[in-house]
Amino acid sequence: GTYTRRDGVNDAQLFDKLVLAMRTLGFDPDIQMDIFTLVTAVLHASNLDFVAVTDDSSTVDEKNAHLQPFLQLLGIDKDSFKQAICGIDIEVGNKSYTRDVDKKLAEKHLEALVKSTYGAMFSYIVQSINKKIDYREQTKKMHGSTTAAFIGVLDIFGFESFPVNSFEQLCINYCNEALQQQFNLFVFKTEQEEYRREGIQWEFIDFPDNQDVIDLIDQKRTGILSMLTDQCRAPRGTDGSFCDAMYKTCGSMPRFEATNLQRGHKQFTIVHYAGPVTYETDGFVEKNKDEIPRGASKLLKSSSKDFVKLLGMMMDDSAGASGGTSDSDSPRASAKKKRPTIASQFKMQLDELRNRVDSTMPHYIRCLKPNQSLMPNEFDKGMIANQLRNAGVLEAIRVSRVGYSQRFGHKVFVDRYRVIDVNNSGTIVSLVDSISAMVKSHDGEREKVGIQVGATKIFLRQHEYDYIERLRSQKLNTCSILLQSVARGYIARERYSRVNARLIAFQALVRGFS
């Protein structure tokens with residue numbers, strides 16, 4: 001059955017929008033159906049079960065209601081599926097043997113098949129979209145060059161800290177650390193550039209630097225990800241041996257924590273910029289290997305559906321390009337090739353992303369989740385404050401407030417603050433000098449007033465801004481009272497004159513009758 005969504009989204013309407021978007025980007029109806037069919041097959045695959053035949057062998061549960069739909073949707077036969085998932089090919093010399101696997105390993109094979117198939121489909125969609133919106137060919141036709149400006153939108157996942165945090169959270173939080181550092185540098189660099197452009201004298205602003213956290217995670221040879229990759233490539237690397245190497249290498253680093261109790265449970269804590277997070281290392285090595293079953297691509301290429309065959313060939317191409325092995329590779333050739341681990345791929349893609357962002361003029365939009373119930377007009381203050389803190393927004397504001405946080409154009413400054421000294425000539429320099437003298441007389445102990453005149457703007461520190469805003473409010477209040485008194489006096493005199501004139505007229509009328 002279906003369930004009512006808490007966020008009030010209508011799935012039918014959303015699906016219609018998805019189909020329209022796919023049609024707009026050039027996905028014809030047949031390809032759309034192929035994609036939806038594959039997604040449905042993946043959903044069925046997640047409900048398949050295996051039964052143990054012996055301690056070392058297993059088979060798929062043929063009574064499972066999801067098996068036949070899964071096979072039909074993928075266009076594969078049952079025997080080929082069982083052979084690919086419940087067995088493993090072993091090559092000795094020029095001969096190949098198939099060995100049965102136990103239930104646990106068969107489940108891992110199925111999980112890997114689902115991940116690799118869905119990943120190939122995702123890559124196909126991304127490549128198709130990129131090809132459709134590629135500006136280079138159009139630019140070359142129009143201008144004879146492939147160089148053109150572009151606008152990119154980067155949706156960054158947020159910092160994660162759950163009751164149980166694993167390898168996925170480490171990668172996500174590592175990305176957040178790197179992008180947070182980039183954000184801090186961007187804020188500081190933007191401040192520097194504007195001060196220099198406006199001719200403002202300024203001093204070094206101390207801003208938070210999380211380079212030590214990034215080094216702890218991605219440093220070559222001594223970083224956590226590097227040690228994890230070494231364990232994945234070692235003949236008998238395990239989560240335990242990874243933990244031993246990590247505790248020995250990182251134990252003295254200030255951002256790394258591991259109590260005796262945590263070491264006993266193979267846990268460790270990293271003190272991130274947003275706060276400490278404890279990670280469970282169970283499954284780290286296995287998750288980082290990114291091993292595609294040897295029979296996965298072969299199984300997909302045996303499908304009766306062209307789209308599924310294409311994905312199988314894409315998996316082969318991906319394995320070959322990344323140094324992995326396909327079904328046709330010899331064991332000796334396989335030994336020479338090293339397939340990049342998830343961590344190494346993630347780091348490489350993150351470095352490319354950072355280089356791309358550095359080459360652009362970024363604009364940051366911070367999105368906040370107002371509540372956990374997905375309801376409108378409900379704001380959880382604690383939750384929002386925590387997000388602002390974790391996103392580094394509060395720290396960025398602190399950095400901004402340390403410098404000249406308030407800026408006004410010359411004309412805007414004169415229009416806004418001339419009321420403080422109405423006898424001033426009205427030039428920007430004389431007005432700033434007059435206001436600076438007021439600030440200094442108020443704060444006699446301050447050697448330097450935080451107001452500077454730039455080429456096009458007036459720069460004020462937060463303290464000076466707050467003070468002259470109070471002066472402006474007092475002046476406006478005084479002027480308002482004066483205007484009100486003059487207006488009330490005028491109204492009272494007018495009222496008295498009218499009443500007095502009527503009284504005189506009435507008295508004259510009475511006297512005329514007497």
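All values below were derived from every heavy atom in this structure, side-chain atoms included, with hydrogens, water molecules and symmetry-related copies excluded.
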Participant: Between R366 and V393 (side chain of the first, backbone of the second, donor and acceptor by atom type, cut-off under 3.5 Å), is there such a pair?
Facilitator: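 Not a single qualifying donor-acceptor pair exists.
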Participant: Are more than 12 heavy atoms from other residues, nucleotides or ligands located less than 6.0 Å from atom CE of M33?
Facilitator: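 Atom CE in M33 is not crowded, with 12 or fewer foreign heavy atoms closer than 6.0 Å.
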Participant: Just wondering, do T281 and M246 contact through their side chains at under 4.5 Å, heavy atoms?
Facilitator: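 Touching, per the 4.5 Å side-chain cut-off.
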Participant: Strictly below 4.0 Å, N to O, side chains only: are K266 and D282 in salt-bridge contact?
Facilitator: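 D282 and K266: salt-bridged.
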Participant: For T229 and S344, does a side-chain donor sit closer than 3.5 Å to a side-chain acceptor?
Facilitator: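 Their side chains do not contain a donor-acceptor pair, so the 3.5 Å distance test is not met.
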Participant: Between D239 and G283 (side chain of the first, backbone of the second, donor and acceptor by atom type, cut-off under 3.5 Å), is there such a pair?
Facilitator: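 Such a contact is found between D239 side chain and G283 backbone.
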Participant: Is there a donor-acceptor contact under 3.5 Å linking the side chains of S80 and D77?
Facilitator: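 On atom types as modelled, these side chains qualify, holding a pair under 3.5 Å.
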Participant: Are V53 and D100 close enough that some pair of their side-chain heavy atoms sits under 4.5 Å apart?
Facilitator: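 When only atoms from C-beta onward are counted, D100 and V53 do not touch, as no gap falls below 4.5 Å.
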Participant: What is the distance from atom OG1 of T117 to atom CG of L299, rounded to the nearest 0.5 Å?
Facilitator: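 It is 8.0 Å, given to the nearest 0.5 Å.
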Participant: Does the side chain of T37 come under 3.5 Å of the side chain of T40 through a donor N or O and an acceptor N or O?
Facilitator: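 There is no such pair (donor and acceptor under 3.5 Å, judged by atom type) between the side chains of T37 and T40.
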Participant: What is the distance from atom CZ of F167 to atom OH of Y279, rounded to the nearest 0.5 Å?
Facilitator: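 Separation between the atoms: 11.5 Å.
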Participant: Please check if the side chain of D351 supplies one atom and the backbone of M348 the other of a donor-acceptor pair under 3.5 Å.
Facilitator: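 Not at all, since once roles are kept as given, no pair shorter than 3.5 Å links the two residues.
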Participant: Return the OG to CG distance between S123 and N130, rounded to the nearest 0.5 Å.
Facilitator: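 Here the interatomic distance stands at 10.5 Å.
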Participant: Looking at Y247 versus F268, is the centre-to-centre ring distance below 6.0 Å?
Facilitator: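 Distance test on ring centres: not under 6.0 Å, no.
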Participant: Going by atom types only, do Q180 and N184 share a side-chain donor-acceptor pair under 3.5 Å?
Facilitator: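 There is such a pair between these side chains.
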Participant: Looking at side-chain heavy atoms only, is the closest gap between M227 and R221 below 4.5 Å?
Facilitator: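 Of all side-chain heavy-atom pairs linking R221 with M227, none is under 4.5 Å.
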Participant: In terms of ring plane angle, is the pair Y364 and F183 parallel, tilted or perpendicular, where the classes change at 30° and 60°?
Facilitator: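 The arrangement is perpendicular - the two ring planes meet at more than 60°.
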Participant: Going from CZ on R354 to OG on S359, what distance comes out if it is rounded to the nearest 0.5 angstrom?
Facilitator: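 Taking CZ in R354 and OG in S359, the distance rounds to 13.0 Å.
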Participant: Would you call the rings of Y174 and F346 parallel, tilted or perpendicular, where under 30° means parallel and over 60° means perpendicular?
Facilitator: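 Ring orientation, 0 to 90° scale: tilted.
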Participant: Can you give me the closest heavy-atom contact between Q72 and K305, atom names plus distance?
Facilitator: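 That closest heavy-atom pairing would be O-CE, 3.3 Å.
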Participant: Might you confirm whether atom CZ of R356 has over 12 heavy atoms from other residues, nucleotides or ligands at distances under 6.0 Å?
Facilitator: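 Open.
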Participant: With under 30° as parallel and over 60° as perpendicular, where do the rings of F242 and F284 fit, or are they tilted in between?
Facilitator: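 F242 and F284: parallel rings.
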Participant: Run the side-chain contact (heavy atoms from CB on, under 4.5 Å) check on Q182 and L179 step by step: do they pass?
Facilitator: CA-CA 5 Å; Q182 201 161 23; L179 295 178; 3.6 Å; yes
Participant: How about L300 and S297: do any of their side-chain heavy atoms sit closer than 4.5 Å?
Facilitator: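 Of all side-chain heavy-atom pairs linking S297 with L300, none is under 4.5 Å.
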Participant: Counting N and O atoms only, with roles assigned by atom type, does the side chain of T222 sit under 3.5 Å from a partner on the main chain of Q219, one being a donor and the other an acceptor?
Facilitator: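 Between the backbone of Q219 and the side chain of T222 there is no qualifying donor-acceptor contact (under 3.5 Å).
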Participant: Hey, mind stepping through M22 and I35 against side-chain contact (heavy atoms from CB on, under 4.5 Å) and telling me if it holds?
Facilitator: CA-CA 11 Å; M22 296 180 75; I35 292 173; 3.6 Å; yes
Participant: Return yes if a side-chain donor-acceptor contact under 3.5 Å exists between S373 and E378, otherwise no.
Facilitator: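 A pair is found: one side chain offers a donor N or O, the other an acceptor, under 3.5 Å apart.
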Participant: If we ignore angles and hydrogens, is there a donor and acceptor under 3.5 Å between the side chains of Q462 and S405?
Facilitator: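 Yes - a donor-acceptor pair under 3.5 Å links their side chains.
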Participant: Please check if the side chain of R255 supplies one atom and the backbone of V213 the other of a donor-acceptor pair under 3.5 Å.
Facilitator: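 No, R255 side chain to V213 backbone: no donor-acceptor pair under 3.5 Å.
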Participant: Using side-chain hydrogen bond (donor to acceptor under 3.5 Å, both in side chains), reason through Q262 and T269 one step at a time and then give a plain yes or no.
Facilitator: CA-CA 9 Å; Q262 286 179 321; T269 298; 2.9 Å; yes
Participant: So L216 and C250, do their side chains get closer than 4.5 Å, heavy atoms only?
Facilitator: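 Yes; the side chains approach each other to less than 4.5 Å.
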Participant: Is there a donor-acceptor contact under 3.5 Å linking the side chains of D380 and N371?
Facilitator: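 No pair is found: no donor N or O on one side chain lies under 3.5 Å from an acceptor on the other.
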Participant: Compare all side-chain heavy atoms of Q211 with those of I214 and state whether any distance is below 4.5 angstrom.
Facilitator: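 Yes - at least one pair of side-chain heavy atoms lies under 4.5 Å apart.
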Participant: So, T24 side chain and L20 main chain: donor-acceptor pair closer than 3.5 Å or not?
Facilitator: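 Looks like yes, one N/O pair under 3.5 Å.
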Participant: What closest approach, in Å, do D55 and D102 show between heavy atoms, and which atom pair accounts for it?
Facilitator: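 Closest approach of D55 to D102, heavy atoms only: O-CB, 3.4 Å.
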Participant: Go through S241 and Q231 one step at a time and tell me if the side-chain hydrogen bond (donor to acceptor under 3.5 Å, both in side chains) criterion holds.
Facilitator: CA-CA 7 Å; S241 58; Q231 291 300 317; 2.5 Å; yes
Participant: Hey, is the main chain of L43 close enough, under 3.5 Å, to the side chain of S46 for a donor-acceptor pair?
Facilitator: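 Yes, because the side chain of S46 sits within donor-acceptor range (under 3.5 Å) of the backbone of L43.
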Participant: Does the distance from a Lys or Arg side-chain N to an Asp or Glu carboxylate O, for K82 and E62, drop under 4.0 Å?
Facilitator: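 Looking at E62 together with K82, the answer is yes, because their closest N to O distance falls below 4.0 Å.
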Participant: Determine yes or no for a side-chain-to-main-chain donor-acceptor pair under 3.5 angstrom, with N64 supplying the side chain and N47 the backbone.
Facilitator: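 The answer is yes, because a donor-acceptor pair under 3.5 Å joins these two groups.
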Participant: For the residue pair D212 and M253, establish whether any side-chain heavy-atom pair is separated by less than 4.5 Å.
Facilitator: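 When only atoms from C-beta onward are counted, M253 and D212 do not touch, as no gap falls below 4.5 Å.
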Participant: Ring centres of Y124 and F307 under 6.0 Å apart?
Facilitator: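 Yes; F307 has its ring centre under 6.0 Å from that of Y124.
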Participant: Would you say S302's side chain and I76's backbone share a donor-acceptor pair under 3.5 angstrom?
Facilitator: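 Answer holds: no.
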Participant: Between L170 and I224, does a side-chain contact (heavy atoms from CB on, under 4.5 Å) hold up when you go through it step by step?
Facilitator: CA-CA 10 Å; L170 177 62; I224 293 175; 4.2 Å; yes
Participant: If I compare all heavy atoms of L368 with all of I384, which pair ends up nearest, and what's the gap?
Facilitator: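 Closest pair (atom of L368, atom of I384, distance): CD1-CG2, 3.8 Å.
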Participant: To the nearest 0.5 Å, what is the distance between CG (L110) and CZ (F70)?
Facilitator: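 Going from CG on L110 over to CZ on F70, the span is 6.5 Å.
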Participant: Is there a side-chain contact between E280 and S166 (heavy atoms, below 4.5 Å)?
Facilitator: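 In short, these two side chains do not touch, never coming nearer than 4.5 Å.
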Participant: Between K248 and D244 (salt bridge meaning N to carboxylate O under 4.0 Å), is one present in this structure?
Facilitator: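 The answer is no: the pair does not qualify as a salt bridge.
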Participant: Can you give me the closest heavy-atom contact between A343 and L225, atom names plus distance?
Facilitator: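 Here A343 and L225 meet closest at CB-CD2, 4.0 Å.
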Participant: Specify the closest pair of heavy atoms between K369 and Q387, including all atoms of both residues, with the distance to one decimal.
Facilitator: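 That closest heavy-atom pairing would be O-NE2, 2.6 Å.
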Participant: Please give me the minimum heavy-atom distance between L113 and A296, naming the atom from each residue.
Facilitator: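 Where L113 meets A296 most closely, the heavy atoms are CD1-CB, 3.8 Å.
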Participant: Between E168 and E160, is a side-chain contact (heavy atoms from CB on, under 4.5 Å) present by the stated rule, with each step listed?
Facilitator: CA-CA 10 Å; E168 296 83 359; E160 290 190 353; 5.9 Å; no
Participant: Quick one: do F36 and F15 satisfy ring pair (Phe, Tyr, Trp, His ring centres under 6.0 Å)? Show the steps, please.
Facilitator: CA-CA 11 Å; F36 298 146; F15 180 76; 5.2 Å; yes
Participant: First locate atom CG of D49, then atom CG of L67, and finally report the distance between them rounded to the nearest 0.5 Å.
Facilitator: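 Answer for the CG-CG pair, D49 versus L67, is 10.0 Å.
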Participant: Under the side-chain hydrogen bond (donor to acceptor under 3.5 Å, both in side chains) criterion, do Q32 and R23 qualify, and how do the steps go?
Facilitator: CA-CA 8 Å; Q32 292 181 34; R23 186 165 60 246; 5.4 Å; no
